[in-house]
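What follows is one structure encoded as structure tokens, with my remarks underneath.
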Amino acid sequence: AQKVTQAQTEISVVEKEDVTLDCVYETRDTTYYLFWYKQPPSGELVFLIRRNSFDEQNEISGRYSWNFQKSTSSFNFTITASQVVDSAVYFCALSTQGGSEKLVFGKGTKLTVNP
Amino acid sequence: DTGVSQDPRHKITKRGQNVTFRCDPISEHNRLYWYRQTLGQGPEFLTYFQNEAQLEKSRLLSDRFSAERPKGSFSTLEIQRTEQGDSAMYLCASSLQAYGYTFGSGTRLTVV
């Protein structure tokens with residue numbers, strides 16, 4: 001069975017602070033995909049990143065960066081110099097290859113960036 | 001391409017009534033998924049179609065729930081005899097094989 005744990009329920013920071021959102025996953029499959037989604041108050045899920053299990057290279061996209069470590073089954077997400085517009089609920093998700101490739105989501109981390 | 005569309009955005013219904021939601025996926029996407037999200041939780045998988053075939057259903061999908069995707073295009077999700085526990089956001093997503101989901105904005109159901 002697959003499982004995603006986001007231990008941080010809520011985080012509050014002041015604008016321009018860096019913040020890291022933690023994600024730990026469980027799967028017995030050797031081929032899998034990890035995702036991060038952003039859900040602003042309007043409700044839609046916005047895709048941020050997809051990584052496969054064979055690519056442990058860290059990725060940076062503007063103020064966003066992701067650290068994938070198979071040794072600790074973690075896929076953490078860092079926002080550098082946070083902004084008020086980053087306020088949202090962030091979800092980490094896992095899918096495995098073959099079959100439906102449905103997503104298994106964590107419970108999400110609510111990030112509030114205060115001015 | 002306007003993305004994944006869901007209709008209605010909001011639905012309030014009385015307990016015991018039937019409701020139907022519609023999802024229009026991205027036109028070239030052959031896979032369509034339904035998820036349910038309750039307050040404070042992540043989305044949970046309900047069911048999945050590849051073209052018109054419903055290939056997987058979650059244990060969460062009780063007998064009161066039925067989903068269809070005629071002709072492999074739009075999909076409908078019907079809930080019969082709604083209960084208060086059905087109150088949630090119902091999210092639809094589509095994808096082309098395994099290459100990334102696109103989610104719709106969801107239908108928020110409130111059962112009173």
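Lettering of chains follows the sequences in order, A, B, ..., and the numbering in each one begins at 1.
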Taking everything shown except [X] itself, do over 12 heavy atoms lie less than 6.0 Å from its [atom1]?
| X | atom1 | result |
| --- | --- | --- |
| B:L55 | CG | yes |
| B:E68 | CD | no |
| B:R64 | CZ | yes |

Original post:
Are the side chains of A:Y37 and B:P43 in touch, meaning some heavy atoms are under 4.5 Å apart?
Top reply: no
### Pairwise side-chain contact, B:Y48 with A:E101, heavy-atom cut-off 4.5 Å (strictly under)
no
To the nearest 0.5 Å, tell me how far [X] [atom1] sits from [Y] [atom2].
| X | Y | atom1 | atom2 | value |
| --- | --- | --- | --- | --- |
| A:F47 | B:F103 | CZ | CZ | 11.0 Å |
| A:E44 | B:T102 | CD | OG1 | 12.5 Å |
| B:M89 | A:Q39 | CE | CD | 6.5 Å |

Count I, L, V, M, F, W, Y as connected when their side-chain heavy atoms are under 4.5 Å apart, and connections chain through other members. Are [X] and [Y] then in the same cluster?
| X | Y | answer |
| --- | --- | --- |
| B:L91 | B:F65 | no |
| A:F105 | A:Y90 | no |
| A:Y33 | A:L48 | no |
| A:W66 | A:L34 | yes |
| A:Y25 | B:Y101 | no |

Okay, A:T9 and chain B: the region with an atom under 4.5 Å from a heavy atom over there is neither
Applying a strict 4.5 Å limit to non-hydrogen atoms, the region of A:Q6 in contact with chain B is neither
Among A:L45, A:V89, A:L103, the residue with the most heavy-atom pairs under 4.5 Å to chain B is A:L103
So, the part of B:F49 with a heavy atom under 4.5 Å from chain A: the answer is neither
Bottom line for B:Q37: the part with an atom under 4.5 Å from chain A's heavy atoms is side chain
Heavy-atom nearest pair, B:R9 first then A:S42, reads NH2-O, 3.8 Å
